[in-house]
Colleague: 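Structure in structure tokens, see below.
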Amino acid sequence: MQTRQKIDNILGYTLALIMGLMVLNVLWQVFTRFVLGSPSSFTDELARYLMIWVGVLGAAYISGRRMHVAIDLLPTKLNKDGQVKLKVFVNILIILFCLAALVIGGLRLVYITYTLKQYSPALQIPLALVYFVIPISGILIIYYKISDIINKHLL
């Protein structure tokens, strides 16, 4: 559990840092647009990419904290043993989805954008770096769900 706590802390601080960067970035955009009269050329793009990272990493963080939205109509109708079996089944489905869509699909997206040498228009950074958050988030969610199953943190 110490490893999970460390990952939670690192992820939480990373999300807070990204949010702080977003705030500074938007403040700079407002300052350059309204005070200097010449809007900064990179801030819109940077805000968009930071928002992607916050959203995708935030999903992994929330999944790890077991704070995600859930419909609990079926589990409330089951006994405790049935609830545990259902949660294990749901976690296995989440693991399979994350493996297929986020990890494998995300790595393919990163690979394609890297080999095609796609760069962002204003920042001129490889788009593969922007998309790399997708497989990272998938790996984190898979770790959290496997940890939940192993450590019986299902209820």
Side-chain angles (χ1 to χ4, degrees), residues 1-29 42-116 118-120 122-123 125-155:
M1 285 309 279
Q2 287 182 337
T3 304
R4 184 176 178 137
Q5 187 63 38
K6 286 180 184 176
I7 291 172
D8 282 345
N9 289 340
I10 291 170
L11 198 50
Y13 287 125
T14 301
L15 288 166
L17 177 68
I18 294 171
M19 285 296 293
L21 288 173
M22 280 179 56
V23 169
L24 292 175
N25 180 56
V26 171
L27 287 174
W28 179 251
Q29 171 68 9
F42 71 90
T43 52
D44 183 45
E45 191 173 283
L46 181 60
R48 188 176 319 122
Y49 295 151
L50 291 173
M51 182 65 81
I52 291 169
W53 273 69
V54 163
V56 177
L57 279 179
Y61 182 71
I62 292 299
S63 176
R65 303 289 301 247
R66 293 179 293 282
M67 296 171 57
H68 48 78
V69 175
I71 299 172
D72 63 351
L73 181 65
L74 183 59
T76 57
K77 307 264 188 226
L78 300 173
N79 61 19
K80 194 159 182 100
D81 187 48
Q83 288 179 5
V84 170
K85 287 178 184 176
L86 180 63
K87 297 262 179 148
V88 168
F89 177 70
V90 168
N91 280 344
I92 289 170
L93 288 178
I94 292 170
I95 289 168
L96 292 175
F97 173 79
C98 287
L99 181 64
L102 299 179
V103 177
I104 294 170
L107 285 173
R108 287 189 70 212
L109 177 63
V110 169
Y111 175 74
I112 289 168
T113 55
Y114 181 75
T115 54
L116 293 177
Q118 292 181 345
Y119 290 88
S120 66
L123 294 171
I125 60 171
L127 286 177
L129 289 177
V130 176
Y131 297 141
F132 196 63
V133 72
I134 297 170
I136 290 172
S137 180
I139 290 167
L140 287 169
I141 293 172
I142 290 170
Y143 167 77
Y144 283 134
K145 295 305 162 190
I146 290 173
S147 173
D148 286 346
I149 292 170
I150 290 171
N151 296 317
K152 309 279 191 258
H153 291 290
L154 299 170
L155 295 177

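Only this structure's heavy atoms are used, side chains among them; waters, hydrogens and symmetry mates stay out.
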Colleague: Could you list the residues that satisfy side chain to side chain contact (heavy atoms under 4.5 Å, CB included) with Val56, not counting sequence neighbours?
Modeller: Ile52, Val133, Ser137
Colleague: Any non-hydrogen side-chain atom of Glu45 less than 4.5 Å from a side-chain atom of Tyr49?
Modeller: yes
Colleague: CD1/Ile146 to CD1/Ile150 distance, rounded to the nearest 0.5 angstrom?
Modeller: 6.5 Å
Colleague: Is the closest side-chain heavy-atom distance between Ile134 and Trp53 below 4.5 Å?
Modeller: no
Colleague: So, taking the atom named CZ in Arg66 and the one named NZ in Lys87, what distance separates them when rounded to the nearest 0.5 Å?
Modeller: 9.5 Å
Colleague: Suppose we screen for side chain to side chain donor-acceptor pair (under 3.5 Å). Which residues come up paired with Arg108, at least two apart in sequence or across chains?
Modeller: none
Colleague: Donor-acceptor pairs under 3.5 angstrom involving side-chain atoms of residues 95-104: please list them, not counting sequence neighbours.
Modeller:
none

Colleague: Kindly give the heavy-atom pair with the smallest separation between Ile141 and Ser63, and that separation in Å.
Modeller: CG2-OG, 3.7 Å
Colleague: Please report the C-alpha distance between Asp148 and Arg4 in whole Å, then the side-chain angles of each, then the deciding distance to 0.1 Å, and finally whether the side chain to side chain contact (heavy atoms under 4.5 Å, CB included) criterion is met.
Modeller: CA-CA 10 Å; Asp148 286 346; Arg4 184 176 178 137; 2.8 Å; yes
Colleague: Taking side chain to side chain contact (heavy atoms under 4.5 Å, CB included) as the definition, give me every residue that meets it alongside Asn79, ordered by chain and number, with sequence neighbours left out.
Modeller: Asp81
Colleague: Less than 4.5 Å apart, side chain to side chain, heavy atoms only: is that true for Phe132 and Tyr114?
Modeller: no
Colleague: Let me confirm one number: the OG1-CG distance from Thr43 to Leu24, rounded to the nearest 0.5 Å.
Modeller: 12.5 Å
Colleague: Could I get the full list of side chain to side chain contact (heavy atoms under 4.5 Å, CB included) partners for Thr14, not counting sequence neighbours?
Modeller: Ile10, Ile18, Leu57
Colleague: When rounded to the nearest 0.5 angstrom, what is the spacing between CE in Met22 and CG in Leu15?
Modeller: 11.0 Å
Colleague: Does Leu127 offer a backbone N or O that forms a donor-acceptor pair with the side chain of Gln118 under 3.5 Å?
Modeller: no
Colleague: Quick one: NZ on Lys6 to OG1 on Thr3, what's the gap to the nearest 0.5 Å?
Modeller: 6.5 Å
Colleague: What residues, two or more places apart in sequence or in another chain, satisfy salt bridge (Lys or Arg N to Asp or Glu O under 4.0 Å) together with Asp44?
Modeller: Arg48
Colleague: Look only at the side chain of Asn151 and the backbone of Ser147, and say whether a donor-acceptor pair between them is shorter than 3.5 Å.
Modeller: yes
Colleague: Does Val90 have any side chain to side chain contact (heavy atoms under 4.5 Å, CB included) partners at least two apart in sequence or in another chain, and if so, which?
Modeller: Leu86, Ile94
Colleague: Got a sec, which residues hit side chain to side chain donor-acceptor pair (under 3.5 Å) with Asp72, two or more places apart in sequence or on another chain?
Modeller: none
Colleague: Using the test side chain to side chain donor-acceptor pair (under 3.5 Å), find all partners of Thr113 that sit at least two apart in sequence or belong to another chain.
Modeller: none
Colleague: Go through the structure and list residues passing side chain to side chain donor-acceptor pair (under 3.5 Å) with Tyr61, not counting sequence neighbours.
Modeller: Arg65
Colleague: Should the heavy atoms of other residues, nucleotides or ligands under 6.0 Å from OH of Tyr143 be counted, would the total exceed 12?
Modeller: yes
